[in-house]
Amino acid sequence: MISFEFTERDRQLIEEARRQAKLAAKYARDFEDAEDSLLPHAYPEADGCPDVRALLEAFVQETSGHKIINALLYLEDWYGGVPLREHRYSLGNTVLKIAGTAEQYDRWHDRTIAIGLTEPVGGSDPASVRTTARFDPVSRNWIINGEKIFITYAEGCDAVLVLARVLHPDQPQRLSTFIVEKGTPGFNVGPQIRKMGIRWEDTAALSFADCSVPAFNHVDGDLKKTLQSFSESRPVVAAYALGVSRAALDYTWIQLGNAGVEPDYNARLATQPMAAARLLSLEAEWEATWLTVVRAKWIEQREGPGKVESSMAKAMGGMLARRVTQACIDVLGAAGLSAAGPLEKLFRDARIFDIYEGTGEIQRLIIARHILGYSPKELN
Ligand SMILES: Cc1cc2nc3c(=O)[nH]c(=O)nc-3n(C[C@H](O)[C@H](O)[C@H](O)COP(=O)(O)OP(=O)(O)OC[C@H]3O[C@@H](n4cnc5c(N)ncnc54)[C@H](O)[C@@H]3O)c2cc1C
């Protein structure tokens, strides 16, 4: 039987992460009008606080497992709005771990490697990639040309893992990935993109003009291996969504409490004030999403990442954050929209979870293919 009961160590780590999230919360709006600024490596309050991720590494045997607890630590970061300490771990690092050689892993594992998949032509269908990697038999280097848009950590990363179409006499047109380090001639980062929400996240476009990288930088992950990294990261994005939703629900319950509205967990919904009944239904959705995230990570710990379970978690997380933040504003009315409170920002921040690392529609497509037994060619 599956049991998701926490160990004592799990509880300590999560409580400490929540305490730190509350310390970080005062910085959550600092980037609203300062999108060109990058997150500091750590806020001053981090000085007196243990690094919960280092504690997780040190005491992992006493926890329910690294994957589950790490995801739940991200939930807490997003509860605070910005992380007290920055974690510069990107999907490019995951692909390097899955598809890189031992030598490549040694060289870059402690660097931040952004992932460059999305192009102006569209992000949902990686097969449409137009960026090219041409093999130059003289220098034996790869020459990268193309453009990527909406890349997280574009400015702050050390390198980017670029998905490109291979132009090589022996490997016609297949897709593969290449690490392009910052400072490589021809590699440029555009200005920070102005966004509706998550303005503290570093997002910009990248361009590659005859960018020459050594053969060593070819991480020979085919598209399947590259996309496998999403099965690890999608439940984590759903955990972000849980954090934002939790913050919205907690704030709204406090406001309702101030107005004399309290939930009764033992009474039927029909007998409760409308506002309490609405939030209680959302609490149930929050719990269901939490379980889906923990289940996906539990499966990953036991058997490796499960594609469908990850998509289920991501689809539910994306929907949850949109529904919860919308409903909390409904319940509080105009006060919910005021920038004096957190909801209007949480509402804007919530939208991304249904977009990056695969939109909600794409997750539902993956789930539908699995249930109906269709291949990507048959159902797309
Ligand atoms: C803040 C931010 C950060 C990002 N970070 C990164 C990053 O680090 N690296 C990276 O590579 N990308 C990144 N992205 C891009 C993101 O992954 C893409 O936006 C996403 O995959 C969707 O691609 P698209 O925007 O091109 O939409 P499109 O693919 O053009 O899709 C448009 C709409 O059509 C729907 N749609 C598309 N295909 C189908 C289908 N077959 N069936 C049903 N509906 C469909 C989509 O769900 C969407 O609603 C980021 C985006 C944002 C906003």
Side-chain angles (χ1 to χ4, degrees), residues 88-190 193 202-233 305 356-358:
R88 291 255 209 101
Y89 186 86
S90 173
L91 257 186
N93 295 79
T94 311
V95 178
L96 179 71
K97 194 177 69 186
I98 294 172
T101 62
E103 293 75 23
Q104 288 172 324
Y105 185 78
D106 276 355
R107 167 112 163 242
W108 288 300
H109 75 276
D110 57 351
R111 318 312 303 273
T112 303
I113 308 187
I115 191 154
L117 305 182
T118 307
E119 301 193 356
V121 70
S124 298
D125 177 16
S128 65
V129 159
R130 292 189 180 165
T131 295
T132 56
R134 178 176 57 80
F135 187 70
D136 174 16
V138 179
S139 63
R140 305 202 63 72
N141 277 5
W142 289 93
I143 315 298
I144 316 280
N145 278 289
E147 194 184 347
K148 300 287 175 179
I149 56 169
F150 283 103
I151 305 304
T152 307
Y153 293 122
E155 202 173 326
C157 71
D158 301 299
V160 60
L161 182 121
V162 179
L163 183 69
R165 194 164 295 286
V166 170
L167 306 180
H168 187 292
D170 304 333
Q171 314 167 8
Q173 296 287 308
R174 80 182 178 96
L175 291 168
S176 199
T177 53
F178 300 82
I179 290 195
V180 184
E181 293 185 335
K182 281 285 175 63
T184 306
F187 173 19
N188 285 307
V189 179
I193 294 170
D202 161 10
T203 320
L206 308 175
S207 63
F208 307 91
D210 287 333
C211 222
S212 175
V213 299
F216 182 81
N217 292 27
H218 182 195
V219 177
D220 196 11
D222 58 16
L223 189 57
K224 205 170 168 193
K225 278 189 188 166
T226 303
L227 297 184
Q228 192 188 321
S229 65
F230 283 124
S231 300
E232 290 190 31
S233 66
Y356 63 12
E357 301 200 19

#### Entry: Set of ring pair (Phe, Tyr, Trp, His ring centres under 6.0 Å) partners for Y89, sequence neighbours left out
none

### Task
Return the set of residues passing side chain to side chain contact (heavy atoms under 4.5 Å, CB included) with A205 (not counting sequence neighbours), or none when no residue passes.
I149

### Query
With I98, which residues qualify under side chain to side chain contact (heavy atoms under 4.5 Å, CB included), at least two apart?
T94, Q228, S229, E232

### Message
Quick test of your reading: applying side-chain hydrogen bond (donor to acceptor under 3.5 Å, both in side chains), list the pairs with at least one residue in residues 179-188, sequence neighbours left out, ordered by first then second residue.
### Response
W108-E181

### Task
Please answer whether the main-chain N or O of T112 pairs with a side-chain N or O of S90 as donor and acceptor at a distance below 3.5 Å.
no

### Query
Do F187 and V213 touch side chain to side chain, with heavy atoms closer than 4.5 Å?
no

### Query
How many angstroms lie between atom SG of C157 and atom CG of L206, to the nearest 0.5 angstrom?
7.0 Å

### Qualifying side-chain hydrogen bond (donor to acceptor under 3.5 Å, both in side chains) pairs, either residue in residues 139-149, two or more places apart
E119-K148, D136-S139, N141-S212, N145-D210

### Summary
To the nearest 0.5 Å, atom CD1 of I144 lies from atom NE2 of H218 at 8.5 Å

### Set of side-chain hydrogen bond (donor to acceptor under 3.5 Å, both in side chains) partners for Y153, sequence neighbours left out
none

### Task
Report the residues that fulfil side-chain hydrogen bond (donor to acceptor under 3.5 Å, both in side chains) with T118, sequence neighbours left out, ordered by chain and then residue number.
none

### Task
Would you indicate whether the side-chain heavy atoms of F230 and L117 approach each other to under 4.5 Å?
yes

### A204 to G190 - nearest heavy-atom pair and separation
CB-O, 3.5 Å

### Task
Can you sort out the partners of S231 under side chain to side chain contact (heavy atoms under 4.5 Å, CB included), two or more places apart, ordered by chain and number?
P305, K307, S310

### Query
For the atom pair CD1 (I193) and OG1 (T203), what is the distance rounded to the nearest 0.5 Å?
6.5 Å

### side-chain hydrogen bond (donor to acceptor under 3.5 Å, both in side chains) involving D202 - partner list, sequence neighbours excluded
Q192

### Query
How long is the gap from CD1 on I115 to CG on N93, to the nearest 0.5 Å?
9.5 Å

### Query
What are the two closest non-hydrogen atoms of S124 and P126, and how far apart are they?
O-CD, 3.2 Å

### Task
Indicate yes or no: at least one non-hydrogen side-chain atom of T131 is less than 4.5 angstrom from one of F178.
no

### Aromatic ring pairing H168/F135, orientation class (parallel under 30°, perpendicular over 60°, tilted between)
tilted

### Query
What is the minimum heavy-atom distance between I151 and G116, and which atoms define it?
CD1-CA, 3.8 Å

### Query
Rounded to the nearest 0.5 Å, what separation is found between the CG atom of L161 and the OG atom of S176?
9.0 Å

### Task
Among residues two or more places apart or on two chains, list those pairs meeting ring pair (Phe, Tyr, Trp, His ring centres under 6.0 Å) that have a residue in residues 109-133.
Y105-H109

### Task
Would you name the heavy atoms of L175 and A127 that are closest together and state the gap between them?
CD1-CA, 4.0 Å

## Note on the structure
Taken to the nearest 0.5 Å, the spacing of Q104 CD from I179 CD1 works out to 6.5 Å

### Message
Per the salt bridge (charged side-chain N to carboxylate O under 4.0 Å, His left out) rule, what does the pair list look like for residues 154-168, sequence neighbours excluded?
### Response
R111-D158

